[in-house]
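One structure is given below, encoded as structure tokens.
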Amino acid sequence: MVETPVKVALLGCGVVGGATASGLLTNAAAFAARAGAPLEIQSIVTLDPESVTDPTIPRTLLTTDPHAAIQGADIVVELLGGIEPARTAILEALHNGASVVTANKALLAEHGPELYAAAKNAGVDLFFEAAVGGAIPILRPLRESLAGDRVTRVMGIVNGTTNFVLDEMATSGGSLSLDAAVAQAQELGYAEADPTADIDGFDAAAKAAILASLAFHTPVSLSDVAREGIRSITTDDVAWATTTHHTIKLLAIAERTEQGISARVHPALVPNEHPLATVHGAFNAVWVEADAAGPLMVYGQGAGGTPTSSAVLGDIVTAARNRILGGAAPVETQRADLPILPAEAAESQFQIRLMVEDRPGVLAQVSGVLADHGISIDSVRQSAACHDAAGSGASVKDAESVGSATTHLLIATHHASEQAFAATLAEVSAQEPVREIVSCIRVLSM
Ligand code: HSE
């Protein structure tokens, strides 16, 4: 055990910062034993000292000045969130020779290469396990445990709020609207008053950029990630998914194809037999496919102060050990520099739900359009009504309610590019017997 303490500056004392500070202060002996030296908090930055009411956190540690707080620190822990002043403080800390631990996914997704380069130049650690999946250990496994493998696909449920919303809609049997489920998420403290970052997929897209960068050793930024949130998902979509033995999930997907990397966020119909379909409530999970390892999945709490502090504290202990040993973990994540595909080149399977006239030749006409565009059909289902096969009371549309001369066509395709599919959909929509393209959702291929 080294006597000289490792000095820690904590920037941020909100839900995660407070849990991190409390963890370090109340388990000091255990952390000293694990790190190899005492971990001493030298300062805690909060813009609102009055908001810090945890009795385990001494008020003498609190300051409102990030610049002053990081001077002389060995490890700077950035939990402020947002771009500034977090970026400036991290760059200053790295320049000063401090190791940095952060949970700031937005900053990493927009300025990752700048921060990695600064850490590399300074020869110090930059760790950010808590930035994706909260408590779930996924970034270090991608960076270290899978360094001897070739990752081909990463698919994550990385936003707990949207998973909670979709799960509530599904378990309500199709009676709970998206807005009502979002209101529930807000009441329970999962969703912000303005739920845009979660519902429209921005949070998941930042995490997709980080996952893709690490999985494929290539800089991938937020602007490289195609993004579609869950705002358009209806109770009928959820009911039809149940009927066809799927569960709708918001997925962050990072995929390696022969042409390059595809990084995207969108709702997807996940077959119920896929492990990702079993992730309920606000939980997160990340599924990884690698050449030698095959499929892997990690699961856990993706948000919340105490769970997320687990990942932050793990990074602090690792950074402290490295400083005591006089080294730093390799930061390089950009050695492959693979091309990043434009959004329209990404390939998916799709399921479209059409309201069409119910008369001979309509199916042939619609399938002919798909064939003309080279899109192969995987399955077709025609039904005037959406009945939950398990009888759980999913929403039912009977023939009268939609007009006796119309019916639903549910068409699932094999893989097609976004570009080819968009062109096909436009032509399908223009067919005279097609009353409406009710929905179009991508399908997770097993
Ligand atoms: N708002 C995020 C979620 C947690 O709902 O999962 C922070 O990334």
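Remember, it's 1-based here, ligands and their atoms both numbered in the order they're listed.
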- For Arg323 and Val124 the tightest heavy-atom approach is NH1-CG1, 4.0 Å
- Message: Check for me whether the distance between the ring centres of Trp240 and His246 falls short of 6.0 Å.
- Response: no
- Note on the structure: d(Ile157 CD1, Met297 CE) to nearest 0.5 Å is 7.5 Å
- Task: Take Ser379 and Arg381 through the side-chain hydrogen bond (donor to acceptor under 3.5 Å, both in side chains) test and state the conclusion after the steps.
- Result: CA-CA 7 Å; Ser379 68; Arg381 181 181 174 124; over 6 Å; no
- Message: Just so I know, are the side chains of Leu108 and Leu115 near enough to count as touching, which here means a heavy-atom distance under 4.5 Å?
- Response: yes
Which atom pairs, nitrogen or oxygen on both sides, join ligand 1 and the protein at under 3.5 angstrom?
unit_1: ligand 1; atom_1: 1 (N); unit_2: Asp198; atom_2: OD1; d: 3.0
unit_1: ligand 1; atom_1: 5 (O); unit_2: Asn159; atom_2: ND2; d: 3.4
unit_1: ligand 1; atom_1: 5 (O); unit_2: Gly160; atom_2: N; d: 3.4
unit_1: ligand 1; atom_1: 5 (O); unit_2: Thr161; atom_2: N; d: 2.9
unit_1: ligand 1; atom_1: 5 (O); unit_2: Thr161; atom_2: OG1; d: 2.6
unit_1: ligand 1; atom_1: 6 (O); unit_2: Gly160; atom_2: N; d: 2.6
unit_1: ligand 1; atom_1: 8 (O); unit_2: Lys105; atom_2: NZ; d: 2.7
unit_1: ligand 1; atom_1: 8 (O); unit_2: Asp203; atom_2: OD1; d: 3.1
unit_1: ligand 1; atom_1: 8 (O); unit_2: Lys207; atom_2: NZ; d: 2.7

- Full working for side-chain hydrogen bond (donor to acceptor under 3.5 Å, both in side chains) between Thr26 and Thr56: CA-CA 7 Å; Thr26 54; Thr56 63; 5.9 Å; no
